[in-house]
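Read through the structure below, which is laid out as C-alpha cells, and then see the notes.
Note that the numbering runs from 1 along the sequence shown for the chain.
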Amino acid sequence: MTKLFRFLTIVAVAALAVSCGDRETRRTDGDSQIMVAAANPHAAEAGMAVLRAGGSAIDAAVAIQTVLGLVEPQSSGPAGGAFLLYYDAASRRVEAYDGREMAPRATRPDHFLGPDGTPRAFADVVAGGQSVGVPGVMAMLEMAHTRHGTLPWSDLFEHAIALAKEGFAVSPRFRFFMDFAPWTQAMPGPQAYFSDENGNLLDAGERLRNPAYADSMRRLAREGAGVMYEGALAEAIVEAVANAPVNPGAMTLEDLAAYRPLERSPLCRPYRDYFVCGMPPPTSGGVVVLQILGLLEGFDLSVMEPGGAAFVHLLSQASRLAYADRDMYLADPDYVAVPAEGLLSPNYLYGRTQLIDVNRDMGRAEAGDPWSDEALPRAPDLTEDVPGTSHFAVVDAAGNAVTMTTTVESVFGSNVMAGGMFLNNQLTDFSFEPQRGGHPVANAPAPGKRPRSSMAPIMVFDAEGELFALVGSAGGSRIPLYVVQAVIALVDWDMTMQEALDLPHFGNRNGATELETGTELEALVPALEALGHPVRTTVMNSGTHGIRIHEGRMDGGADLRREGVVLPE
Ligand code: GLU
C-alpha cells in the first residue's frame, strides 16, 4: 500500500468511525436465553430469526454469513474464508473449523514478485484474479451444519434471498467503501453494481438489489455448498478469475473441486482462573492471543488502570515478543512445521517474559527459539493485512455457541464478482517475499496452501468449566491485540462485554507503539516516549463483537466503531 493511500485511509476511516460512534448499540439483557452480536443489523436479525425458530447456533451462523455477504460485502461473503469455534453444550466440547481459502495449484512461491524479482505493491495486486483463493466459508459451514444443525440447511437462506431480491438500504459504511480504494473505483463490476441507472453511485439509505446473489443463495440452499465447487456457479467463478480486467488468475475447476474444510484441534490454555480457547494455525490469531496472555500472567493487571501508561507499556512489550514469533513461525501447518505448542509452553513463555523491562521499551524484539532445528524456515514475514473482515457471536437456546471471524481479506476482496458475490483476495495474506536473507519464509505462497491469517475467534471458560465469553474481531494484523484487550478487560477488570469493547485501543506489532486516534490514550505519548517507545497515533477500526455469560446472565457487546448490534431475547 502506498504511504498516501494509507494516510487517506486513516483520515477517512477516522471520520466514518466518528459518525458511527454516536449510535446506541448497547443492548444487553441479563435474562436473555439466546443472543446474537454481529456487525450489521440485518445479519443479526437473520440469526435471531433462525434462533427463534428453534435453530442452533450453527444454523444462525449460516443465516448471518449469507446476509453479511450481501449487506456488508466489503468485509466478508460466501466467496471468502473463515474460522469458527463451536461450543457444544451437551458434550462440553469445543470444536475448531477451518474454512480458510486455499491457493490454486498454479500458485508458485514467486506469485507476487515482479519481473525484477522484487515484491509487487499490495495496491497493484489486490484487485483482479491473481489474488483469489479457493473459497472456504460455505463448505466449512456445511460441515459444521451436518454435525450441529437443527433446522434444514435449505431453510437458512431465506433472509439472504429475500433481501437480495427485494433490496436493502445501503448502510453508511458500505457507501463509504464503494469509492474508497482506487482499485475499487477502477473495477467495472463493482462500480456497475453500486450505481443507479444513470451511472451514479447509490447514496446511503438507497435500495440496492442483487438478483444474481439471490440466485446463488437459492442454489446453495437447494443443492448445498457443493455448488461453489462444481457446476454453473463454480464455472462462473473460474471464468471471472480468468477474465478479470486486471491481474487475470489461473484458478481451475479442479482447484475448486479439491477444496476441503478442516476440523482442527482448538488451542486452549489457562489464563488466571479461566481457560481461553483459540483457533490454531493457519491463523496466527490464537497463538498470538494466548502468547500475550501467557506473557502477562505473571503481572498483576487487576491493579492497573486500563488506559494507564504502565498497562500500555506492559502489553506493548508482550505484543512485541508475540509478533516477532508470529512473523517468524506461523503459517499453514500442513506445509511447514509450526511450533505452536513450543510457542505456548510455560517454560518458553517464562523465558520470554524475562525480556520485559517494566521501565524501558525493549525495541524491536527478535523471535525466540521454541525449538532448535536449524533446517526449519526462519526468515520473518513482514506483510501487513488491511481491514476487510467481520466477527459475530451466537448463543442458542441449548447453550451452544459460535464465535466466528470471516473475511474476504481487503475491502470487497479482489473486487471481482461472480454470481453476485465478491471473490476474496486472500492470497495477499501470503508473504510476498518467499525468501529473506537467503532463508525461506514459512508463509510463502505454494500450491494448495492456506495463507496465514490473523483472525482470532476466542472462547473463554471459567474455573467451573462454564462458558464465560465469546469474542473476536476484524482489523487485519491488529486483530489479536483487540481480542487480548477484551479478554483482559473481562477477566482482570470484571467489565461487561460492552465496557470491554468500548476501551480505547493500543498495541505494538513489533514496531511503533500504536495508540487509537481521538482517545484519551493520546495523553500518554510523553510518558511512553520517556520509556523509550516510538509512538504513533492511528485509527484502530476494530469491529470487535462478543457475548459474556456472567453468573448465568448474558450481556453482549457491539463495536461502536462499526455498524453492529447485539440482539438479546
Ligand atoms: N485477511 C486477514 C486475515 O485473515 C484479515 C483482514 C482484516 O481483518 O481486514 O487475517
Side-chain angles (χ1 to χ4, degrees), residues 100 103 109 111-113 119 264 267 269 278-296 315-356 361-385 427-446 449-456 476-481 483-484 507-514:
R100 186 68 165 169
H111 195 69
F112 291 121
L113 295 181
R264 297 192 184 270
L267 288 173
R269 291 291 181 280
M279 192 75 211
T283 185
S284 60
V287 172
V288 173
V289 167
L290 293 171
Q291 266 206 326
I292 295 176
L293 292 173
L295 290 163
L296 293 177
L315 181 51
S316 68
Q317 301 307 286
S319 60
R320 270 189 185 286
L321 293 166
Y323 275 79
D325 282 345
R326 165 194 189 267
D327 289 346
M328 186 70 88
Y329 297 114
L330 297 180
D332 184 345
D334 298 332
Y335 280 71
V336 289
V338 176
E341 295 296 325
L343 292 171
L344 294 174
S345 83
N347 277 349
Y348 176 75
L349 289 173
Y350 178 75
R352 297 286 277 168
T353 311
Q354 304 309 305
L355 300 171
I356 297 178
D361 177 40
M362 69 176 67
R364 190 168 187 85
E366 297 297 325
D369 198 353
W371 53 21
S372 48
D373 186 340
E374 287 301 322
L376 291 160
R378 41 185 66 243
D381 168 8
L382 302 179
T383 48
E384 222 187 292
D385 307 332
L427 301 192
T428 61
D429 270 3
F430 280 124
S431 172
F432 283 27
E433 282 180 291
Q435 296 216 341
R436 189 176 274 267
H439 297 283
V441 172
N443 185 34
K449 193 173 176 182
R450 297 172 192 230
R452 182 190 66 199
S453 168
S454 301
M455 296 192 287
S477 56
R478 295 195 187 98
I479 289 172
L481 297 173
V483 171
V484 158
N508 190 311
R509 292 171 294 161
N510 206 15
T513 296
E514 298 173 316

- Mind listing the closest non-hydrogen atom pair of Gly507 and Leu481 along with its distance? CA-CD1, 3.8 Å
- Query: Does the side chain to side chain contact (heavy atoms under 4.5 Å, CB included) test come out yes or no for Leu315 and Leu296, once each step is laid out?
  - Reply: CA-CA 7 Å; Leu315 181 51; Leu296 293 177; 3.7 Å; yes
- Value rounded to 0.5 Å, distance of CG in Asp332 from CZ in Arg452: 12.0 Å
- Query: Between Asp429 and Arg100, is there a salt bridge with N-O shorter than 4.0 Å?
  - Reply: yes
- Check for a donor-acceptor pair, side chain of Thr283 on one end and backbone N or O of Ser453 on the other, with a separation under 3.5 Å. yes
- Step-by-step side chain to side chain contact (heavy atoms under 4.5 Å, CB included) determination, Arg326 to Arg509: CA-CA 10 Å; Arg326 165 194 189 267; Arg509 292 171 294 161; over 6 Å; no
- Interatomic distance, Leu349 atom CG to Leu321 atom CG [nearest 0.5 angstrom]: 9.5 Å
- Query: What is the minimum heavy-atom distance between Ala367 and Tyr329, and which atoms define it?
  - Reply: CB-CE1, 4.1 Å
- Reported CZ-to-CG distance for the pair Arg450 and Asn443, which is rounded to 0.5 angstrom: 14.0 Å
- Looking only at heavy atoms, what is the nearest atom pair of Pro370 and Gly342, with distance? CB-C, 3.8 Å
Please list every donor-acceptor pair under 3.5 Å in which a side-chain atom of residues 285-292 meets a protein atom from a residue at least two apart or in another chain.
{"from": "Gln291", "atom 1": "NE2", "to": "Asp325", "atom 2": "OD2", "distance (Å)": "3.1"}
{"from": "Gln291", "atom 1": "NE2", "to": "Leu343", "atom 2": "O", "distance (Å)": "3.0"}

- Note: Pro119 and Glu433 closest approach over all heavy atoms is CG-CG, 3.4 Å
- Task: Output all residues satisfying ring pair (Phe, Tyr, Trp, His ring centres under 6.0 Å) with Tyr323, sequence neighbours left out; order by chain, then residue number.
- Result: none
- Might you work through the side chain to side chain contact (heavy atoms under 4.5 Å, CB included) test for Arg436 and Ser431, ending with a clear yes or no? CA-CA 10 Å; Arg436 189 176 274 267; Ser431 172; over 6 Å; no
- Query: What's the shortest heavy-atom distance between Ala331 and Pro281, and which atoms?
  - Reply: O-CB, 3.5 Å
- Note on the structure: Between Ala324 and Asn510, the two heavy atoms sitting closest are CB-ND2, 3.5 Å
- Below 4.0 angstrom, N of the basic side chain to O of the carboxylate: do Arg320 and Asp361 qualify? yes
- Message: I need the Lys449 NZ to Asp334 CG distance, nearest 0.5 Å.
- Response: 10.5 Å
- Message: Nearest 0.5 Å, please: how far is OG in Ser319 from CZ in Arg478?
- Response: 11.5 Å
- Ion pair Glu341/Arg269, N-O distance below 4.0 Å: yes
